[in-house]
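To start, the structure under review is shown below, and the notes come after it.
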Amino acid sequence: MEDCIFCKIIKGEIPSKKFYEDDEILAFDNINPVAPIHILVIPKKHIPSVAHLEKEDEAIVGKIYGVINKLAEEMGFKEKGFKVVVNCGKDGGQEVMHLHFHVLAGEDLCKKFT
Ligand code: AMP
Ligand code: ZN
């Protein structure tokens, strides 16, 4: 989608520090982290939010969790734990309307964000 910053990151028009990429999924560093590790994992397909998921998109959500698990293993935060946050819509505090999964780790997050 033309005016979407995450679509621009996917196309390489906006630079990002990538942690994982395949045909369907991209994981990159958050430009404004709120934890020592703050990764965003997104589908390459422009799905605006959880509220816009179609039946055909359900598989990609499962794959995204697989990528999150792989990153946790590879980056060494699987054992200590991490938090996955998905904001949806105005009341959910979503600012970028391209579905994304915040992966937060590297500190005690028990009382943060929930
Ligand atoms: P949300 O509030 O859930 O829509 O989260 C959007 C997130 O995107 C925020 O945490 C921003 O810091 C992050 N963000 C915005 N622009 C960029 C960018 N160019 N590169 C990396 N992360 C970004
Ligand atoms: Zn997009």
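Starting from 1, each residue takes its place in the sequence as its number. Keep in mind the model is a prediction, meaning the values are calculated, not measured. In each ligand, atom 1 is the first atom listed, and ligand 1 is the first ligand listed.
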Can any side-chain N or O of [X] pair as donor or acceptor with the backbone N or O of [Y] at less than 3.5 Å?
X	Y	value
K44	E21	no
K112	V34	yes
H38	I31	no

Is there a heavy atom in [X] that sits closer than 4.0 Å to ligand 1?
X	answer
V85	no
G93	yes
H100	yes

- Smallest separation among heavy atoms of P43 and H98, with atom names: O-NE2, 2.8 Å
- For A27 and V41, which heavy atoms make the closest approach, and how far apart are they? CB-CG2, 4.0 Å
- Message: Measuring from atom 11 (C) of ligand 1, which candidate in N30, L99, N32, I31 has the nearest non-hydrogen atom?
- Response: N30
- Message: Please state which option from I5, N87, D29 has its nearest heavy atom closest to atom 16 (N) of ligand 1.
- Response: I5
- Do the ring centers of H102 and H100 come within less than 6.0 Å of each other? yes
- Note on the structure: The reported gap from CG in L53 to SG in C88 (rounded to nearest 0.5 angstrom) is 8.5 Å
List ligand 1 atoms under 4.0 Å from [X], heavy atoms only on the residue side.
X	value
L40	8 (O), 13 (C), 22 (N)
Q94	4 (O)
I9	18 (C), 19 (N), 20 (N)
E95	1 (P), 2 (O), 4 (O)

- Task: Kindly report the ND1-the Zn ion (ligand 2)-SG angle for H98 and C4 respectively, rounded to 10°.
- Result: 110°
- Query: Given that the side chain starts at C-beta and the backbone is N, CA, C, O, which of these parts of F6 lies under 4.0 Å from ligand 1, counting heavy atoms, or is it both or neither?
  - Reply: side chain
- Region of V34 that comes within reach of ligand 1 [heavy atoms, distance under 4.0 Å]: neither
- Query: If you check every N/O/S atom of H46, which is the one nearest the Zn ion (ligand 2)?
  - Reply: ND1
- Query: Between E56 and K45, is the closest basic N to carboxylate O distance under 4.0 Å?
  - Reply: yes
- Quick one: which of F6, Y20, F19 gives a ring pair (Phe, Tyr, Trp, His ring centres under 6.0 Å) with F28? F6
